[in-house]
Every structure is written in C-alpha cells, then in structure tokens.
Student: 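Please find one structure pasted underneath; my questions will follow.
Convention: sequence-line order gives letters A, B, ...; per-chain numbering from 1.
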There are 2 protein chains.
Amino acid sequence: MAAAKMMIVEDDAALSELIQWHFEREGFDVRVTPDGEEALLLAAEETPDIVLLDWMIEGLSGLEVCRRLRRTAPTANVPVIMLTARGEEEDRIRGLETGADDYVTKPFSPRELVARVAAVLRRIRPALAGESLYYADIEMDTVAHKVKRDGKPIALGPTEFRLLRHLLEHPGWVFSRERLLDAVWGHDSDIEVRTVDVHIRRLRQAINAHGGTDIIRTVRSAGYALDADRRL
Amino acid sequence: MAAAKMMIVEDDAALSELIQWHFEREGFDVRVTPDGEEALLLAAEETPDIVLLDWMIEGLSGLEVCRRLRRTAPTANVPVIMLTARGEEEDRIRGLETGADDYVTKPFSPRELVARVAAVLRRIRPALAGESLYYADIEMDTVAHKVKRDGKPIALGPTEFRLLRHLLEHPGWVFSRERLLDAVWGHDSDIEVRTVDVHIRRLRQAINAHGGTDIIRTVRSAGYALDADRRL
DNA sequence: CTTTAATGTCATAAATCGATCATGATCTGT
DNA sequence: ACAGATCATGATCGATTTATGACATTAAAG
C-alpha cells in the first residue's frame, strides 16, 4: 500500500504523538511539527496528502497557515482538517470559511479522527482510500487506470489491464484459462483458450520490463496465479 | 453559475422547512422528501449536487439510503451530509464509514450547516462553490468563465468549457464517453457517444494552441482523463 | 437580415490492439 | 532418456478504437 503522507501541525507534544501513533498504525507516513512556519516549509517541500492543523500553535495561527497553504500552488488542493479546543460556532464557521475541509473539536476520539480523515481522502485521492489494488510492489489505480511497479509506471493495453486487475483482486488464486476467459473476456466469448497464454505473456513482459521477478506463476495443467513467493 | 441542486431527506417538516429556507436564500435549488425510498428515486432521476440526510427517517434508515446512493452509478459521487440527533461517537464513525462526507449533530445552527455544506462542496465540486479550478498550468475562473494556460488566456466554446470544468473537478480520473455525456451534456441527451471525441479534440486544440504538452490522456477502450503526468 | 460562431454527425485515415498460428522449449510420467 | 503433453514466444494480419477534417444545421451576435 502506498502510504499516504500526513502532516500534523500541533504543539501539544503528547497529543501529536497520540495522533501520530494512530495514523501510523493505519499505514500513514506521518510528519509532525509544532510550528506554523516550519509547517509551511515542510509542506512546500514534500506535498502532503492531508494536513491536520491545530488552531492554536506557536508562531502563525492555524488559520493563517491554512490560508497560506491554500494560496500556494502545490498545496492549494491538499485537504486540511482543523483541530481545536474551541467549540464556539463562530470559530467553527471561520475555520470552514477559511478553506478547512473539516473541523474537529478537542477532545476528540482518535477513531473518529481516523474516520474523518478517511472520508476526506476517499474524496480527494481515491487511490489512498481503497480504490487501488496492491500486491507486492505492484500498484493499480483503477480510477485513473494507471499501473505502477516499484513506483515506476507500467503501460498496459486494455485486455492486459483487465487481466491484471482480476489477478490483483484475488492474489494467490490459481485461475484456469477457462475461468480467466469468463472473468476477463466475458462469459460469452468464443475465444481460443490458448489466447490467454499470449496475454499472460504480454502482461509479464510489461510488468517485468524494468526488472524485478516474475510474479505471475504458471501452474502446469491448472492455470495462472499472482504469486510473489515463487519458492513453490 | 447554475444553482446547485440540493436534496434534503428529513421527516421533521418544521426542520426541513427551516433548512430549505436557509439554503434557498443561499441560491440553492432545493428538493425535499421525508421518505428514504422516494429519496433514492428522486436522486436517480435528477442527480443532486449534495444530499442532506437525516439518520432517523421513515422507511429505510438514513444509513441505508447513504449506502445505496453510493452503490448506484450516477449518485455514487454525490456528497452526503448526515444530520442526526445522536451524538454517539460510534454512530458518527459508522456514518462516516458508510460513505457520508460529513456529520452534523442536532441541534445545529443553520449558519454552521451552511458553512459545512460550503466546505464539502468546495472540496468536491469547487465549481459550485464559485471557486477557481487549477491543474498543472491551467487555471479556470468558473465565475468569469475564463480559462488561462500558463497565464495566457484560452478561448473555449461553451461545451468545451463545461467539459474542461468537469475534467478539472476530478483531475486524473478516467471518464467514459457515456459518463462525460451525462456530466457535460445532461442525463437525457440522446447524443452520439462519438461526439465526445470531437469535443475532446476541440478542447485539446484550444488548450495546446500556444504550446505545452497535451494534458488530456486518452485511455483506450475506457475514456479520457486530465493528466499532466503522462509517463504511463 | 447578414454574419459569425457553435455544435452534432459522418466518412475516412491513422493508430493500436488482439486472436491465432507455427515453432521451439519445458515439463511429466514411465 | 523418451514420447506426449503443456507452455512460451514471435510474427502476422484483420479488427477495433481513436483522430481528424469537412459539412450541414442551428443559435447567437451584429
């Protein structure tokens, strides 16, 4: 799973550690800073996928950090969730109007924060919220129709794409050529079963083009399977 | 900007009227129903831009309505804000995990609800919130109907403008010609799907007129997508 | 009313894909 | 080691999909 990059801007060390722990457990790649200025620098450097921003921080106010994030090109579309002790309606509304995507009032439960982050990410980067398929070092974004291996993009034709998707949906399973024809070509295709071989080959070629082991296993007299651990 | 269509699903008539009044004052085109089943029918008919959904309604539960909206093609991406009397963390999390985009606890102030709706729309359909859209070196002012690339103004016909706007709202996503017809021409247009090709071409021509790489990606047998990073 | 711009459709060219076959390699059981 | 079966691979040619230019019709502007 490609980790989503999260930036936490929070000057209560105990709290930020707690949050960090929870999100790292969820597989996020978390960066923490207590300082507004530093947050802006960090964000400019390595654009995060989502920002958790405390309203009351040293230096710049959270509101100001949010505003500046919005104004700078690479971070203009990064979702921001405000964390705050204030429960006043007036403040909530100001936060939202400044461009925050959501607003969570302290004290909050980590689980709810995780759920809200997931809801926001589901919108912005479906790839980060389960619309993607992963296996070993392969990553398929089904929404953008892109495939990567080890971070490098792989070009696939339509049939190879569908074939790989089906394999990725059931990693490890061995599929007979007949079942692959059903699943990938459709139940009513009167296609030569051996044609599957050819597409498997093309898929292998594309996937292994830039090195790496062959993760498609041929199971003699049975079919094919996705399998990174080939030691039989 | 064409008024954003809102659907309110709420069986407390007094409350739904109050909300309706507030949003109509904000320029929304509001449709109200107290019933879950009817809500689904209505939504399928004329896809709303945002749904306010009471958790406790007659017939289907709000949660179930949300789930079904998410499962059906045209409404799968419509943002949903849950309204509820329950303040329990457990419920909030279930709501968010079901696919709700936000969660507001009764009693709430209309102003805050308006702010939250604006925040959700800004994130999901920035064009409806009167925001400008940016992607790579493209900049679209949805209010003034002006488009620039690399600072230089680009002339677009109305259809190309709507097409580009839709692509800009979901950069990276691959849309089939059918979905583009729905989104750009309307659900009930009986237009030849291949016509999309022609408008894509016209859009490309206009955008690339003054140089620069083609940021519209053709995905064979799938559709088109906005994509500055074409290294497939 | 004339002129201009926009739009949908079609025909054709160009690009890409994909099914099949022929051949050589590899495996399996004996 | 051998025969038969199974699989890998490269090439090919037709089929499918997309790009493009032209045109007729309609709507908008002057």
Side-chain angles (χ1 to χ4, degrees), chain A residues 145 147 154-167 174-209 213-227 230 232, chain B residues 145-147 153-167 174-209 213-227 230 232:
Chain A
H145 274 248
V147 179
I154 301 284
L156 290 180
T159 306
E160 282 76 49
F161 185 88
R162 293 198 308 275
L163 179 55
L164 177 58
R165 176 166 57 195
H166 187 253
L167 293 176
V174 177
F175 294 100
S176 68
R177 295 177 174 72
E178 286 77 9
R179 296 200 52 150
L180 286 175
L181 276 182
D182 275 3
V184 176
W185 277 261
H187 296 283
D188 50 344
S189 69
D190 51 349
I191 285 183
E192 189 61 36
V193 283
R194 283 288 152 191
T195 298
V196 175
D197 295 30
V198 178
H199 284 278
I200 286 283
R201 170 179 142 262
R202 292 211 263 254
L203 181 54
R204 276 177 167 149
Q205 227 166 28
I207 286 179
N208 304 331
T213 49
D214 184 8
I215 59 167
I216 297 177
R217 181 160 62 106
T218 302
V219 182
R220 196 180 172 84
S221 79
Y224 298 97
L226 211 57
D227 189 353
R230 311 278 311 275
L232 263 190
Chain B
H145 270 241
K146 284 185 178 175
V147 179
I154 300 284
L156 289 180
T159 307
E160 283 76 39
F161 183 87
R162 293 198 308 274
L163 180 55
L164 178 59
R165 182 175 62 201
H166 187 255
L167 293 176
V174 175
F175 294 100
S176 69
R177 295 177 174 73
E178 286 76 10
R179 294 194 60 117
L180 287 176
L181 276 183
D182 276 3
V184 177
W185 278 262
H187 296 288
D188 49 347
S189 70
D190 50 351
I191 285 183
E192 189 61 35
V193 283
R194 283 288 151 191
T195 299
V196 174
D197 296 31
V198 177
H199 284 275
I200 286 283
R201 169 174 144 267
R202 288 175 181 154
L203 180 55
R204 275 177 167 149
Q205 246 167 12
I207 286 179
N208 304 331
T213 50
D214 185 7
I215 58 166
I216 297 177
R217 179 163 66 110
T218 301
V219 181
R220 187 171 236 259
S221 81
Y224 297 97
L226 210 58
D227 189 353
R230 314 267 318 268
L232 248 188

Student: Under 4.0 Å between a side-chain nitrogen and a carboxylate oxygen: does that hold for B:Asp182 and B:Arg179?
Tutor: no
Student: What's the separation between atom OG1 in B:Thr159 and atom NE2 in B:His199, rounded to the nearest 0.5 Å?
Tutor: 5.0 Å
Student: Between C:dA19 atom P and A:Ile200 atom CD1, what is the distance in whole Å?
Tutor: 13 Å
Student: So, B:Ser221 versus A:Arg162: side-chain donor-acceptor pair below 3.5 Å or not?
Tutor: no
Student: Mind calculating the distance between CZ (A:Arg202) and C1' (C:dA19) to the nearest angstrom?
Tutor: 8 Å
Student: Across the strands shown, which category fits A:Thr195 at heavy-atom distances under 4.0 angstrom: base, sugar-phosphate, nothing?
Tutor: base
Student: Would you kindly give the CG-to-C1' distance between B:Asp197 and D:dG21, to the nearest whole Å?
Tutor: 14 Å
Student: With a cut-off of less than 4.0 Å, is there a side-chain N or O of A:His199 near OP1 or OP2 of C:dA19?
Tutor: yes
Student: Is the shortest side-chain N/O distance from B:Trp185 to OP1 or OP2 of C:dT7 below 4.0 Å?
Tutor: no
Student: Could you give the CD1-to-C1' distance, from B:Ile191 to C:dA6, as a whole number of Å?
Tutor: 13 Å
Student: Judged by each residue's nearest nucleotide on DNA chain D, which is more toward the 5′ side, A:Val219 or A:Gln205?
Tutor: A:Val219
Student: State which residue, out of A:Arg217, A:Arg204, A:Arg177, fulfils the side-chain hydrogen bond (donor to acceptor under 3.5 Å, both in side chains) condition with A:Tyr224.
Tutor: A:Arg177
Student: Nearest-Å distance, CG (B:Leu181) to C1' (C:dT9)?
Tutor: 13 Å
Student: N/O contacts under 3.5 Å, protein versus nucleotides 21-30 of chain C?
Tutor:
{"unit_1": "C:dC27", "atom_1": "O2", "unit_2": "A:Arg220", "atom_2": "NH2", "d": "3.0"}

Student: Rounded to the nearest 0.5 Å, what separates atom CD1 in B:Ile216 from atom CG in B:Leu203?
Tutor: 4.0 Å
Student: May I have the distance from A:Arg162 (atom CZ) to C:dG18 (atom P), rounded to whole angstrom?
Tutor: 7 Å
Student: Could you tell me how far apart B:Arg194 (CZ) and D:dC23 (P) are, to the nearest whole angstrom?
Tutor: 22 Å
Student: Could you state the interatomic distance from CZ (B:Phe175) to CD1 (B:Ile200), rounded to the nearest 0.5 Å?
Tutor: 10.5 Å
Student: Report yes if at least one side-chain N or O of B:Thr159 is closer than 4.0 Å to OP1 or OP2 of C:dT7; otherwise report no.
Tutor: yes
Student: Could you give me the CA-CA distance, side-chain angles and deciding distance for A:Leu164 and A:Ile207, then say whether side chain to side chain contact (heavy atoms under 4.5 Å, CB included) is met?
Tutor: CA-CA 10 Å; A:Leu164 177 58; A:Ile207 286 179; 4.1 Å; yes
Student: If only side-chain N and O atoms of B:Tyr224 are considered, is one of them under 4.0 Å from the OP1 or OP2 phosphate oxygen of D:dT17?
Tutor: no
Student: Round to a whole Å and report the spacing from CD1 of B:Ile216 to C1' of D:dA19.
Tutor: 13 Å
